[in-house]
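The block underneath contains the structure these notes are about, expressed in structure tokens.
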Amino acid sequence: MINVTKIFLPPIEKYHKQLQRAWDNQWLTNRGELVLELEEKLKKYLEVSNIIVTSNGTVPLQIALKLLGKQGEIITTPFSYVATTAAIVWENCTPVFVDIHPEHLTIDETKIEEAITVKTTAILATHVFGNPCNVEVIQKIAEKYNLKIIYDAAHAFGVTYNGKSIFDFGDINTCSFHATKLFHTGEGGAMFAKDPDLQHQLFYSHNFGHKTALAFYGLGINGKMTELQAAMGLSVLPYIEEIFSERKKVVDYYNSNLNLSKLQVIKIRENTDWNFSYYPIIFETEEGLLKVEKILNDNQIFPRRYFYPSLNTIEYTKGEIMPISERIASRIICLPLYVGLSISELQEIVSLINANL
Ligand SMILES: *Cc1c(COP(=O)(O)O)cnc(C)c1O
């Protein structure tokens, strides 16, 4: 069986070695030695000034929206994982969708201004499949209308844009270290803010608002990563270059062997060092997609319709029509992409697709 992804597991001895430290310290959470070390190593690796690792990739979205969204209208993309929209609604903010660019698949920055109202507080956009949004234009709009920018960078681990970490743009960035993501801690995530004051607010917000054991800076929630999660992260991180290069091989294979005259692939923004996080293909019609999906499934190959449905059509957001996002969502599927996918498996996937376009 070939699934859309397969989690990367380091040799178990390496994980045992990290876990042993937690046992020796008798310390499982509350920002122990392993969490602090993981933060230091990620900071160096990603070349960012600040990072707070978290229990998952959704809590940082909620914290960011609590701090910057302030129950207002949030301009957002309908083409993302449901967590992006759900976090907005969960924080009592109102999602205002703006359609996506048909090739980049990120929010269409040229349509943002017309969606702004007096109630708009922030823009929450996703660097979808690790492809950066048009961060320069979004920055200009935010400055003009005095809005905050949150990037859901769950897919964007290791991506650089114009030579800088993608986590450097916007006010707050969030990332996911879920088991299926490129770098992972089982469950986990991170948040980033360059502004020291905002960084401070993120920090206390993820630890119940604590200032000291008995005093509080303000309202907070529990978003802490455990030592057990950090142990996984510290065991996976040494393999990160291998993870990138193995994924690149798969992407290169698809690029040179799929019949791209009949399929659309994502257009990565210029000046981006991409992370090979997903390989979406877009069919000419939904029927075409369903036909190929069935044939692949019959051969024990399970790509995933990702992202489907368009988020403006789910039960609690239904209303607006987003023609491009809806059209893409109905025709897009992500192909298997992971470390260890063999050439013979790739050959099988590609020949089944090409023969049935
Ligand atoms: C995975 C993902 C999340 C949520 O991350 P979790 O770590 O699973 O909570 C949020 N947004 C996007 C776009 C994602 O793909």
Side-chain angles (χ1 to χ4, degrees), residues 3-5 7-8 38 42 51-66 69 74-91 93 95 97-98 100 104-107 122-133 149-159 166-167 170 172-192 206 221-226 228-230 232-233 236 247 266 274-280 303-312 314 317 325 328-329 332-334 337-338:
N3 275 319
V4 64
T5 191
I7 51 173
F8 179 86
L38 181 63
L42 288 173
I51 180 173
I52 300 163
V53 295
T54 55
S55 49
N56 60 50
T58 302
V59 160
L61 283 173
Q62 292 177 249
I63 292 174
L65 286 159
K66 182 76 81 191
I74 312 295
I75 297 207
T76 192
T77 173
F79 192 71
S80 181
Y81 183 56
V82 69
T84 315
T85 299
I88 294 174
V89 177
W90 197 266
E91 289 304 323
C93 298
F97 294 106
V98 165
I100 57 168
H104 292 306
L105 311 184
T106 46
I107 194 166
I123 299 168
L124 168 52
T126 301
H127 298 309
V128 74
F129 303 129
N131 196 21
C133 299
I149 306 170
I150 303 163
Y151 284 117
D152 182 342
H155 299 172
F157 188 90
V159 171
I166 195 65
F167 300 137
I172 296 177
N173 275 253
T174 68
C175 193
S176 168
F177 302 158
H178 184 262
T180 58
K181 303 290 203 291
L182 189 146
F183 167 76
H184 78 90
T185 57
E187 290 271 3
M191 49 192 182
F192 308 80
H206 101 300
I221 189 87
N222 183 1
K224 293 186 291 355
M225 177 179 278
T226 69
L228 307 178
Q229 291 171 288
M232 178 60 83
V236 172
R247 298 178 77 98
I266 189 169
W274 187 48
N275 62 2
F276 315 100
S277 46
Y278 296 87
Y279 198 93
R304 179 150 170 223
R305 294 189 70 177
Y306 201 56
F307 298 105
Y308 180 88
S310 186
L311 295 172
N312 58 302
I314 55 181
T317 60
S325 177
I328 300 270
I332 194 166
I333 203 162
C334 284
L337 170 51
Y338 51 84

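All heavy atoms count here, side chains included; hydrogens, waters and symmetry mates do not. Numbers here are sequence positions counted from 1. Both ligands and their constituent atoms are indexed starting at 1 by order of listing. For clarity, every value in this text was computed on a predicted model and none was experimentally measured.
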For ligand 1, list every N/O pair with the protein closer than 3.5 Å, one pair per line with the distance.
residue, atom, partner, partner atom, Å
ligand 1, 5 (O), Ser176, OG, 3.2
ligand 1, 7 (O), Gly57, N, 2.8
ligand 1, 7 (O), Ser176, OG, 2.7
ligand 1, 9 (O), Gly57, N, 3.2
ligand 1, 9 (O), Thr58, N, 3.1
ligand 1, 9 (O), Thr58, OG1, 2.6
ligand 1, 11 (N), Asp152, OD1, 3.4
ligand 1, 11 (N), Asp152, OD2, 2.7
ligand 1, 15 (O), His155, NE2, 2.7
ligand 1, 15 (O), Lys181, NZ, 3.2

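- For His184 and Phe8, the gap between ring centers reaches or exceeds 6.0 Å.
- Annotation: Phe79 is not in aromatic contact with Phe97 [ring centroid separation under 6.0 Å not met].
- Using a 3.5 Å distance cut-off with no hydrogens or angles, the side chains of His104 and Thr106 do not pair a donor with an acceptor.
- Under the 30°/60° scheme for interplanar angles, the aromatic rings of Phe183 and Phe157 are found to lie parallel.
- In this structure, Phe192 and Cys175 have side chains that are in contact, with non-hydrogen atoms separated by less than 4.5 Å.
- Shown here for Asn222 and Ser55, the closest heavy-atom pair between the two residues is O-OG, 4.3 Å.
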